[in-house]
Amino acid sequence: YAVDLQLSRLAAADVASGQYSSIIGGNGNKASANYSACIGGAQNVSSAIYAISGGNANTASGTYSVALGGYNNTSSGNYSLASGNSCTSGGQYSVALGYSCSTNNNGGFAVGYSNTSANLYSMCLGVLNAASGEASATSGGRNNTASGLYSWIPGGYNATTRSLIGARAYAGRMRSAAGDSQYIGQPVGATTTDATATKLTADAGAAGATNVMALPNNSGAQFLARVVAYSGGNVGGWEVVGTGKRGANAASTAIVGSTTIRTLGVDAALSTAVVDVVADTTNGALVIQVTGIAATTIYWTGDLSLIQGA
């Protein structure tokens with residue numbers, strides 16, 4: 001029970017050989033899996049159940065996958081879609097459209113020119129961009145890399161999130177390397193129950209290489225930290241501005257001069273809490289550090305934004 005309407009073949013195997021498969025027309029097409037289809041064109045292959053291909057030299061090898069239109073596209077992930085020129089959708093439920101775009105993990109989305117979605121649920125648009133962090137996104141621009149978990153680059157040119165969790169970055173130029181002239185920010189938080197100094201981090205865990213604002217070697221930054229504290233109906237808000245730098249290694253990270261702390265509005269119950277930005281010489285980072293109040297649960301949320309130069 002197969003239908004093959006193509007009028008010529010390049011090889012004897014170029015047939016609709018799967019049960020209930022079909023080839024609507026064209027030349028040199030192959031529908032080898034049950035319920036698969038080639039809808040026309042030349043040298044297309046549908047080799048998985050319910051797969052559909054068409055165009056020129058396209059291959060649909062994932063179950064329920066589609067490689068349709070254009071040239072040399074491959075949809076190897078189940079339920080995946082590839083179209084354009086030399087695109088590859090390799091993960092389940094992934095999409096690759098345009099020129100030389102690729103996805104190699106589940107839920108990936110790469111559209112445009114030579115974009116790469118390289119991690120789970122990552123999205124990449126624009127030109128020569130990469131979304132390599134899980135659930136990361138580059139929304140446009142060129143030569144950008146969203147490498148941190150949940151990180152995002154809206155566009156621009158040669159920005160990088162430096163593998164930082166939840167970071168956002170934007171650049172319109174670079175001097176000699178990606179990210180050496182950019183804006184970057186990271187939301188952070190923590191909970192305190194006493195008056196111990198605590199660093200706010202992107203995952204509310206202990207400070208590490210990716211959950212605080214690590215600086216690249218031999219760079220400087222002007223920073224703005226915004227912090228809000230909430231405790232049983234009491235609220236406090238602060239801003240901290242200053243300058244930081246990192247030399248040849250993490251141990252050389254330092255605050256330049258002193259920080260300026262602005263108290264924007266603080267309820268009396270939180271008036272003894274302390275907020276600042278300090279240098280973390282273990283991780284080579286600038287971090288928001290807070291000191292809470294004894295026997296008081298305080299929920300802290302902050303955002304540290306930098307203008308970086310190197």
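All values derive from a computational prediction rather than experimental measurement.
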Review point. Around atom CZ of Arg142, are there more than 12 heavy atoms of other residues, nucleotides or ligands at under 6.0 Å?
Key: no
**Study point:** Within 6.0 angstrom of Ile307 CD1, more than 12 heavy atoms from elsewhere
**Key:** no
Side-chain H-bond candidate by donor/acceptor type, [X] with [Y], under 3.5 Å:
| X | Y | result |
| --- | --- | --- |
| Trp152 | Ser139 | yes |
| Asn211 | Asp203 | yes |
| Ser181 | Arg173 | yes |
| Ser89 | Ser80 | yes |

Check your understanding: Of all residues at least two apart in sequence or in a different chain, which pass the side chain to side chain contact (heavy atoms under 4.5 Å, CB included) check with Asn129?
Key -> Asn115, Cys124, Thr138, Asn144
Short question: side chain of [X], backbone of [Y] - any donor-acceptor pair under 3.5 Å?
| X | Y | result |
| --- | --- | --- |
| Ser136 | Ala146 | yes |
| Ser83 | Leu68 | yes |
| Asn58 | Asn72 | yes |
| Ser231 | Asn234 | no |
| Asn34 | Gln19 | yes |
| Asn158 | Ala178 | no |
| Ser114 | Leu128 | no |
| Asn73 | Ser86 | yes |
| Thr198 | Thr196 | yes |

What distance do [X] atom [atom1] and [Y] atom [atom2] have between them, rounded to the nearest 0.5 Å?
| X | Y | atom1 | atom2 | value |
| --- | --- | --- | --- | --- |
| Gln289 | Leu200 | CD | CG | 9.0 Å |
| Leu97 | Asn85 | CG | CG | 12.5 Å |
| Gln43 | Ser53 | CD | OG | 11.5 Å |
| Ile184 | Ile153 | CD1 | CD1 | 8.0 Å |
| Ile255 | Thr253 | CD1 | OG1 | 9.5 Å |
| Glu134 | Ile165 | CD | CD1 | 10.5 Å |

Should [X] and [Y] be regarded as members of a common hydrophobic cluster, given that ILVMFWY residues are connected when their side-chain heavy atoms come within less than 4.5 Å of each other, either directly or indirectly?
| X | Y | answer |
| --- | --- | --- |
| Val287 | Phe223 | no |
| Tyr79 | Phe109 | no |
| Ile23 | Val66 | no |
| Ile49 | Ile52 | no |
| Leu149 | Met123 | no |

Check your understanding: Taking it one step at a time, do Asn29 and Asn44 satisfy side chain to side chain donor-acceptor pair (under 3.5 Å)?
Key -> CA-CA 5 Å; Asn29 297 304; Asn44 300 295; 3.1 Å; yes
Revision key, fill the gap. side-chain contact (heavy atoms from CB on, under 4.5 Å) with Ser122: of Ser147, Ser117, Ser151, Ser94, only one passes, and it is Ser117
Considering all heavy atoms, the nearest [X]-[Y] contact:
| X | Y | result |
| --- | --- | --- |
| Ser252 | Gly247 | OG-N, 2.8 Å |
| Thr160 | Ala169 | O-CB, 3.6 Å |
| Ala2 | Gly18 | CB-O, 3.8 Å |
| Ser75 | Ala60 | OG-CA, 3.4 Å |
| Pro216 | Ser219 | O-OG, 2.7 Å |
| Val3 | Ala16 | O-CB, 3.5 Å |

Exercise for review: Could you walk me through whether Glu239 and Thr263 pass the side-chain contact (heavy atoms from CB on, under 4.5 Å) test, one step at a time?
Suggested key: CA-CA 7 Å; Glu239 287 185 347; Thr263 301; over 6 Å; no
Check whether any side-chain heavy atom of [X] lies under 4.5 Å from a side-chain heavy atom of [Y], and answer yes or no.
| X | Y | value |
| --- | --- | --- |
| Val188 | Val212 | no |
| Val227 | Ile288 | yes |
| Leu304 | Gln186 | no |
| Arg246 | Asn218 | no |
| Gln222 | Leu306 | no |
| Asn78 | Tyr64 | no |
| Arg262 | Leu264 | yes |
| Val127 | Tyr157 | no |

Review point. Taking it one step at a time, do Asn119 and Asn105 satisfy side chain to side chain donor-acceptor pair (under 3.5 Å)?
Key: CA-CA 5 Å; Asn119 212 322; Asn105 262 291; 4.5 Å; no
Check your understanding: What pairs of residues pass the ring pair (Phe, Tyr, Trp, His ring centres under 6.0 Å) test when at least one of them lies in residues 6-33, not counting sequence neighbours?
Key -> Tyr1-Tyr20, Tyr20-Tyr35
Review point. Could you give all pairs that pass the ring pair (Phe, Tyr, Trp, His ring centres under 6.0 Å) test and reach residues 248-297, with sequence neighbours left out?
Key: none
**Study point:** Qualifying side chain to side chain donor-acceptor pair (under 3.5 Å) pairs with a residue from residues 296-310, counting only residues at least two apart or across chains
**Key:** Arg162-Gln308, Arg168-Asp303, Arg168-Ser305, Gln182-Gln308, Tyr183-Ser305, Thr192-Trp300, Asp303-Ser305
Point to revise | Test log, rule side chain to side chain donor-acceptor pair (under 3.5 Å), inputs Ser8 and Asn27 | key: CA-CA 5 Å; Ser8 63; Asn27 173 36; 2.8 Å; yes
Show me, pair by pair, the donor-acceptor contacts under 3.5 angstrom made by side chains of residues 266-276, not counting sequence neighbours?
residue: Asp267; atom: OD2; partner: Val235; partner atom: N; Å: 2.8
residue: Ser271; atom: OG; partner: Ala268; partner atom: O; Å: 2.9
residue: Asp276; atom: OD1; partner: Thr259; partner atom: OG1; Å: 2.7

Check your understanding: Any ion pair linking Lys30 and Asp4 (charged N to carboxylate O, less than 4.0 Å)?
Key -> no
Exercise for review: Output all residues satisfying salt bridge (charged side-chain N to carboxylate O under 4.0 Å, His left out) with Lys199, sequence neighbours left out; order by chain, then residue number.
Suggested key: Asp280
